[in-house]
Amino acid sequence: MKKQLKGTILLLLCTMIWGLAFVAQSVGMDHIGPFTFQAVRCTLAMIGMIPMCMIADRFKKDGKTFLSRWNDKNLWKAGILCGIPLFLACNLQQMGLVDTDAGKSAFLTAMYIVIVPILGIFIKRKPSKMIPLCVLLAVAGLYCLTCVGVTQINMGDVLLLGCAFAFAVQIIFVELFGLNVDALRLNIIQSLVCTILSTVLMLCFETPTWQTISQCWLPLAYTGFLSMGVAYFLQILGQKYLELSVASILLSTESVFAVIFGAIILNETMTPWEWAGCILMFAAVILSQIQFKKKV
């Protein structure tokens with residue numbers, strides 16, 4: 001019970017940081033491209049986490065040095081496998097924010113809560129009997145969010161759905177490969193993967209300058225040090241204490257915090273149809289976690 005409470009607190013702190021990060025990312029897109037934003041953000045995350053890692057090592061009594069603890073094949077395997085879908089998710093999310101406001105994008109991103117149980121089939125996790133109903137509710141919610149009053153789906157909405165799928169894969173990979181390795185080092189490696197891949201795309205498709213980067217130093221610092229550095233570390237650590245389904249429902253609360261922070265800081269408003277879509281989607285993500293007891 002204590003472990004579950006600890007995991008719950010860690011993941012709720014994580015989602016609060018992520019919720020405000022939607023606002024920071026939305027502001028950052030006014031100055032630099034998505035690949036530049038992610039490349040700088042992930043670099044800052046690593047800069048912040050390496051000293052944290054060195055400090056944490058001082059409290060370990062396993063006789064290993066700072067460098068020798070990196071010599072772990074399972075750690076690097078987990079970091080690379082988690083880093084690739086995280087890179088896709090972060091960049092798709094950043095590009096989606098160009099056409100979609102912070103609150104709405106958070107709810108679309110939260111679709112991973114429905115996708116995770118479905119992907120769980122492939123790791124022998126039986127999905128809830130509520131999944132068909134959840135899919136219908138999610139589709140109805142997406143229609144309210146993206147189609148009512150418009151003739152076509154916003155491109156940003158499509159990108160954010162791709163982001164949700166990539167986040168679902170990352171959550172599954174953390175469950176499969178990341179629970180038995182150093183959580184802080186795992187986050188550093190997945191951030192390194194995001195940095196390298198984002199930098200390559202930045203150099204190919206964008207022309208960043210120090211002036212434009214400096215104009216959004218605050219969003220970059222927040223999303224780098226806190227959202228990427230601290231929050232993803234909390235996610236990995238929190239998942240160690242919770243079942244996959246419980247962890248995924250807690251992580252989905254980032255959308256609630258994003259709407260709250262978006263309204264407070266950016267003065268964003270949503271139409272009644274969009275609120276209805278959010279309610280339907282949130283009902284879908286809640287119901288997707290219901291487990292029925294087997295008859296004896």
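No experiment lies behind these values; they were computed from the predicted model shown.
Note that CD1 of I17 is 11.5 Å distant from CG of L12, once rounded to the nearest 0.5 Å. Note that CD1 of I171 is 10.5 Å distant from SG of C82, once rounded to the nearest 0.5 Å. We find the CZ-CG distance between R185 and L192 to be 14.0 Å, quoted to the nearest 0.5 Å. Distance CG/L160 to CE/M155: 10.5 Å, rounded to 0.5 Å. The structure places CG of L186 at 11.0 Å from CG of N180, a figure rounded to the nearest 0.5 Å. Put simply, CZ on F165 and CG on L88 are 10.5 Å apart, with the number rounded to the nearest 0.5 Å.
Residues I188 and F233 form no side-chain contact, since every pair of their non-hydrogen atoms from C-beta on lies 4.5 Å or further apart. Looking only at side-chain heavy atoms (C-beta outward), T8 and Y241 stay at 4.5 Å or farther from each other. Side chains of L234 and L11 form no contact here, defined as non-hydrogen atoms less than 4.5 Å apart. Looking at heavy atoms from C-beta onward, I32 lies out of side-chain contact with P208 at the 4.5 angstrom threshold.
Take Y232 and apply the ring pair (Phe, Tyr, Trp, His ring centres under 6.0 Å) test, not counting sequence neighbours, and it matches W18. Residues meeting the side chain to side chain donor-acceptor pair (under 3.5 Å) test with D62, sequence neighbours left out: R69.
No more than 12 heavy-atom neighbours from other residues, nucleotides or ligands sit within 6.0 angstrom of NZ on K77. Other residues, nucleotides and ligands place more than 12 heavy atoms under 6.0 Å from the CZ atom of F177.
The two residues M52 and G48 come nearest to each other via the heavy atoms CG-O, 3.4 Å. Of all heavy-atom pairs spanning C163 and L92, the tightest one is N-CD1, 3.7 Å. What you find for T199 and A39 is that their closest heavy atoms are OG1-CB, 3.6 Å. Shortest non-hydrogen contact noted between G178 and V181 is O-CG2, 3.6 Å. What you find for A24 and P219 is that their closest heavy atoms are O-CB, 3.2 Å. Looking at every heavy atom in both residues, C42 comes nearest to S191 through CB-O, 3.6 Å.
Among M228, M202, Q25, the single residue meeting the side chain to side chain contact (heavy atoms under 4.5 Å, CB included) criterion with Q38 is Q25. Each of D157, V158, L159 was evaluated against L108; a single residue qualifies, D157, per the side chain to side chain contact (heavy atoms under 4.5 Å, CB included) test.
For the pair Y112 (side chain) and V169 (backbone), a donor-acceptor distance under 3.5 Å is absent. Proximity of a side-chain donor or acceptor of E206 to a complementary backbone N or O of F35 within less than 3.5 Å is detected. Although no hydrogens or angles enter the test, the distance criterion places a donor-acceptor pair under 3.5 Å between the side chain of N187 and the main chain of G229.
Side-chain contact of S198 with R41: a donor-acceptor pair under 3.5 Å is absent, judged by distance alone. Under the 3.5 Å distance criterion, with hydrogens and angles disregarded, no donor-acceptor pair is assigned to the side chains of Q94 and N91.
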query: Yes or no on side-chain contact (heavy atoms from CB on, under 4.5 Å) for K240 and L237, after CA distance, side-chain angles and deciding distance?
result: CA-CA 5 Å; K240 291 178 182 284; L237 199 60; 4.0 Å; yes

- request: Please lay out, stage by stage, how F87 and T195 fare under the test side-chain contact (heavy atoms from CB on, under 4.5 Å).
  value: CA-CA 8 Å; F87 152 76; T195 300; over 6 Å; no

task: Given side-chain contact (heavy atoms from CB on, under 4.5 Å), test W70 with I189 step by step and report yes or no.
output: CA-CA 10 Å; W70 292 97; I189 294 173; 3.9 Å; yes

message: For Q239 and Q235: C-alpha separation, side-chain torsions, deciding distance, then whether side-chain contact (heavy atoms from CB on, under 4.5 Å) applies.
response: CA-CA 6 Å; Q239 279 192 235; Q235 179 216 347; 2.8 Å; yes

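Alongside V200, the hydrophobic cluster contains no other residue (criterion: ILVMFWY side chains under 4.5 Å).
Put simply, L86 and L251 are part of the same group of oily side chains (I, L, V, M, F, W, Y) that touch within less than 4.5 Å, one to the next. Note on L197: it clusters hydrophobically with F205, by side-chain heavy-atom contacts below 4.5 Å among ILVMFWY residues. With hydrophobic clusters built from ILVMFWY side chains whose heavy atoms lie under 4.5 angstrom apart, F37 does not share a cluster with L201. Connection of L44 to I50 is not established within any shared hydrophobic cluster, with ILVMFWY side chains joined at heavy-atom distances below 4.5 Å, either directly or through further cluster members. Taking hydrophobic clusters as Ile, Leu, Val, Met, Phe, Trp and Tyr residues chained together by side-chain heavy-atom distances below 4.5 Å, V193 shares a cluster with L203.
Comment: K60 engages D182 in a salt bridge, judged by a side-chain N to carboxylate O separation of less than 4.0 angstrom.
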